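Here is the structure we will look at.
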Amino acid sequence: MSRIKASGNVRSVIDAAPGADRHPGLDLANSRLVAPGNQVTDLLDGPEAATRWLIDRGLAPADAVLQEICAGRLRAMRSQIRALLTARVAGAAPPAEALAAVNAAMTRVPTAAELRWDPVRGLHRATPHPTDQVVDRALGTLAADIADLLTGADADRLTACDSPPCRRFLLRSGRRQFCSIRCGDRARAARAYARRPR
């Protein structure tokens, strides 16, 4: 299981939810963590954090530098993806706005690298990387991944963590209903406390 480096009041290293290592869109949905006491850690809370998140997942070149407007676009996509996942887990119709946002992200990005020429390399294929295109490409990749997750073999395994206040999604394996050992332990402790005689 991969690990997430986080700052703030949540542990400095958090287990990634099951499935997030295979689905970057699921990882994006889980990039805002809520711990007991409503302690929030947002892994996209500013341009530097959002840039690091994209680079760490291979969705942006190592020299990328995002501005706040780009980080905001990434957070907005996270909200739309969460809306789609929430609807899927609940067995409800997906929100039209979320569908439109994911479809727009997928269609905004060219599907092939451009053919280019320079005297040293000759003809070659390359993807342009101005900052806005870095974010467009990342959003397109994340949107396509979520579309594949929601329509593929893993869709029936999608669930939400069953340990309030956690709001992360995961791919269920067997009877597992928790995104991490920490959430499972917390839920079991709460059930044991509720059963104690008063």
Side-chain angles (χ1 to χ4, degrees), residues 1-11 13-45 49-50 52-54 56-59 71 73-103 105-106 138-188 190-191:
M1 182 175 292
S2 63
R3 309 284 274 178
I4 298 170
K5 291 181 182 176
S7 59
N9 297 325
V10 178
R11 279 183 8 199
V13 178
I14 300 167
D15 291 336
D21 56 340
R22 291 194 330 264
H23 291 284
L26 185 62
D27 198 20
L28 176 65
N30 292 334
S31 63
R32 185 173 186 274
L33 308 145
V34 181
N38 204 32
Q39 296 176 359
V40 175
T41 297
D42 189 342
L43 302 178
L44 309 174
D45 67 353
R52 176 59 35 214
W53 191 90
L54 289 175
D56 288 350
R57 285 148 186 85
L59 294 170
R73 290 178 62 203
L74 196 56
R75 290 189 300 268
M77 179 59 72
R78 175 179 62 197
S79 294
Q80 299 298 347
I81 287 174
R82 287 191 61 81
L84 289 174
L85 296 176
T86 298
R88 175 67 170 98
V89 167
E97 181 183 346
L99 284 174
V102 167
N103 286 329
M106 285 191 293
L139 292 174
T141 299
L142 293 162
D145 177 71
I146 280 299
D148 289 343
L149 171 60
L150 291 171
T151 60
D154 284 337
D156 289 337
R157 295 178 48 216
L158 182 67
T159 191
C161 184
D162 199 24
S163 178
C166 185
R167 297 179 182 125
R168 297 199 307 163
F169 295 96
L170 64 135
L171 295 182
R172 185 176 34 250
S173 175
R175 295 178 49 197
R176 183 173 180 165
Q177 294 291 321
F178 306 108
C179 70
S180 67
I181 292 170
R182 176 180 53 106
C183 280
D185 289 347
R186 189 171 58 240
R188 282 185 284 279
R191 283 195 299 265

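A quick note: this is a predicted structure, and the numbers were derived from the prediction, not measured.
- To the nearest 0.5 Å, the span separating CG on D156 from CG on L171 amounts to 11.0 Å.
- In this structure a side-chain-to-backbone donor-acceptor pair under 3.5 Å is present from R75 to L44.
- Contact record, L99 with P94: CD1-CG, 3.8 Å, taken as the closest heavy-atom pair.
- Here the closest heavy-atom approach between residue A155 and residue L150 is recorded as CB-O, 3.5 Å.
- Pairing each heavy atom of A143 with each of V102, the nearest pair is CB-O, 3.5 Å.
- A donor-acceptor contact shorter than 3.5 Å links the side chain of R57 to the backbone of W53.
- One finds the OG1 atom of T151 at 10.5 Å from the CD1 atom of I146 (value rounded to the nearest 0.5 Å).
- For R82 against R167, the heavy-atom pair with the smallest separation is NH2-O, 2.5 Å.
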Side chain to side chain contact (heavy atoms under 4.5 Å, CB included) between R78 and L43, worked out:
CA-CA 11 Å; R78 175 179 62 197; L43 302 178; 5.9 Å; no
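- In this structure, the side chain of R32 does not engage the main chain of D45 through any donor-acceptor pair within 3.5 Å.
- Residues passing the salt bridge (charged side-chain N to carboxylate O under 4.0 Å, His left out) test with D148: none are found, sequence neighbours excluded.
- Ion pairing of R22 with D27 is absent here, as no side-chain N (NZ or NE/NH1/NH2) approaches a carboxylate O to less than 4.0 Å.
- S31 places a side-chain N or O within 3.5 Å of a backbone atom of L28 that can act as its donor or acceptor partner.
- Shown here for R168 and S180, the closest heavy-atom pair between the two residues is NH2-CB, 3.9 Å.
- Across all their heavy atoms, A17 and F169 have their closest contact at CB-O, 3.3 Å.
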